[in-house]
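Comments concern the structure below.
We name chains A, B, ... by the order of the sequence lines, and we start the count at 1 in each one.
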There are 2 protein chains.
Amino acid sequence: MQPRPRIPEATVARLAVYLRVLSGLADGGRGTVSSGELASAAGVNPAGLRKDLSHLGPCGVRGVGYEVATLRDRIAGVLGMETAHACVLVGLGNLGSALAGYGGFGSRGFEFVGLFDASPARVGQQVGGRPVRPMEELDEVVATTRATIGVIATPAEVAQPVCDRLTAAGVRSILNFAPVALTAPAGVHVRQVDLSVELQVLAFLDKQRGPVSALGDALSPAATRPATPVGRMA
Amino acid sequence: MQPRPRIPEATVARLAVYLRVLSGLADGGRGTVSSGELASAAGVNPAGLRKDLSHLGPCGVRGVGYEVATLRDRIAGVLGMETAHACVLVGLGNLGSALAGYGGFGSRGFEFVGLFDASPARVGQQVGGRPVRPMEELDEVVATTRATIGVIATPAEVAQPVCDRLTAAGVRSILNFAPVALTAPAGVHVRQVDLSVELQVLAFLDKQRGPVSALGDALSPAATRPATPVGRMA
DNA sequence: CCATGTGAACCGGTTCACAGCG
DNA sequence: CGCTGTGAACCGGTTCACATGG
């Protein structure tokens with residue numbers, strides 16, 4: 001089975017997690033891992049992990065496990081991490097500023113090559129070591145840096161026009177933090193992250209499972225098996 | 001079919017989105033909506049929306065649509081939004097501060113009743129109008145406020161101990177922004193939001209679909225149908 | 001003998017097409 | 001006649017059990 005036939009999106013998301021764990025193991029000088037150990041560190045089921053990895057073709061040694069550094073590089077290659085990705089970020093309120101200053105992006109090969117805001121009060125300020133630019137410069141920056149990813153952290157009202165601007169400028173993928181569904185041209189990928197929705201799902205689960213009692217509800221010998229099929233490395 | 005037999009989690013997440021759209025429509029004085037219009041505003045397929053709503057029992061008028069205010073209240077009730085939810089937040093770096101100051105939570109019935117940080121430098125500061133408290137006060141605050149939701153925005157290294165602390169204090173649900181898989185006792189719900197993973201999925205999709213050409217790749221009459229099956233209200 | 005790799009059952013969720021009702 | 005509500009097909013992803021091979 002060639003590594004061609006397209007990798008499921010759910011698998012891609014998990015590969016990113018495996019990659020992070022593997023990087024940590026490699027930095028710790030670890031040589032090999034078993035699927036079981038890697039799976040528990042990533043919070044997934046071992047069989048599922050092996051199935052995920054099977055999409056990249058055989059990359060382990062039977063009876064032994066996976067070679068940490070090799071597997072890391074393999075996944076990094078599949079995910080397109082060998083080359084850095086240029087991103088632009090629009091909207092530097094609290095959330096946007098947090099994203100601009102978040103070290104986790106840079107260390108994973110993503111670089112913000114442009115920060116933009118419509119507010120004159122913010123333009124010119126430095127955020128995360130980079131200057132905030134006016135919206136007028138967006139097209140130019142996207143063109144010269146060949147940025148392919150745009151991150152929207154604006155108020156909901158302006159998210160759609162910003163999206164239009166980004167796609168017109170040549171951005172091919174958008175990560176949207178504004179609480180609105182965006183319309184984008186065909187071929188442009190949009191991912192939505194909605195903080196309030198996450199919280200509301202939790203509140204619902206609480207309501208479902210929770211109304212049993214307000215306290216002392218650790219009735220059953222619960223701690224035997226984690227509800228979350230997760231464990232950090234054994 | 002009673003509204004009992006449990007609602008799928010995927011549906012719950014979308015109900016939260018419908019609720020937001022409905023609130024907007026209601027504020028705009030709108031009386032009724034059809035499934036088609038609501039679906040396009042929420043970025044989903046009309047049939048799927050109707051199926052989602054079917055979980056709450058019949059709540060529309062055939063041949064007409066849904067009564068906006070009624071449906072809003074119905075969903076709000078199912079989601080447990082009638083009563084405010086007390087949350088505690090741990091970790092007030094850039095991201096945590098952004099979350100603490102984010103208006104979208106308060107307006108949806110979530111209130112941060114406690115902000116905590118381990119760094120003495122941050123303790124005592126005001127964030128989003130609330131004081132940052134030392135970790136020592138966590139148990140007490142959770143107990144007195146009956147907070148059921150905990151949000152973790154700490155560095156990855158301390159996320160697990162913080163999680164342990166929160167669950168020990170009585171928190172039943174956790175929203176984790178730290179890039180690690182958490183282990184929690186049975187019955188505690190954990191949701192993971194991983195910003196880097198989102199970006200990596202986008203980068204992968206770019207790589208898959210993208211290597212065709214760097215520019216001028218709007219070859220086909222693309223704008224005819226949005227790739228994202230979305231549209232804001234027609 | 002151990003851990004990988006994978007075909008096949010399984011499951012939840014999505015889509016479709018139409019029945020039901022104002 | 002229009003739009004809701006839903007049973008049934010469909011599909012992708014997950015889990016399981018075992019065959020494969022160092």
Counting only side-chain heavy atoms from C-beta out, which of D/dT4, D/dG5, C/dG22 sits nearest to B/P58?
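The answer is D/dG5, which lies nearest to the side chain.
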Can you tell me how far [atom2] of [N] sits from [atom1] of [X], to the nearest Å?
| X | N | atom1 | atom2 | value |
| --- | --- | --- | --- | --- |
| A/L38 | C/dA3 | CG | C1' | 13 Å |
| B/L71 | D/dG5 | CG | P | 9 Å |
| A/L53 | C/dG5 | CG | C1' | 10 Å |
| B/R62 | D/dC3 | CZ | P | 14 Å |
| A/H55 | C/dT6 | NE2 | C1' | 11 Å |

Are B/I75 and B/L53 close enough, and set up right, to give a side chain to side chain contact (heavy atoms under 4.5 Å, CB included), and what steps lead you there?
CA-CA 9 Å; B/I75 295 176; B/L53 295 184; 4.2 Å; yes
Under a 4.0 Å heavy-atom criterion, the protein footprint on nucleotides 9-18 of chain D, written with B, S and -, is ----SSBBB-
Rounded to the nearest 0.5 Å, what separates atom CZ in A/R172 from atom NZ in B/K207?
15.0 Å
Spatial distance of atom CZ (A/F204) from atom CD (B/E9) [nearest 0.5 Å]
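One gets 9.0 Å once the value is rounded to the nearest 0.5 Å.
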Are B/S54 and D/dG5 close enough that a side-chain N or O sits under 4.0 Å from OP1 or OP2?
no
Assess whether side chain to side chain donor-acceptor pair (under 3.5 Å) is satisfied between B/D52 and B/Y18, documenting all intermediate values.
CA-CA 10 Å; B/D52 284 339; B/Y18 306 154; 2.6 Å; yes
5' precedence on DNA chain D between B/G60 and A/V64 (nearest-nucleotide basis):
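Going by which nucleotide is closer to the 5' end, it is B/G60.
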Is a salt bridge present between A/R72 and A/E67, judged by a nitrogen-to-oxygen distance below 4.0 Å?
no
Which heavy atom of A/T83 sits nearest a heavy atom of A/H85, and at what distance?
O-CD2, 3.4 Å
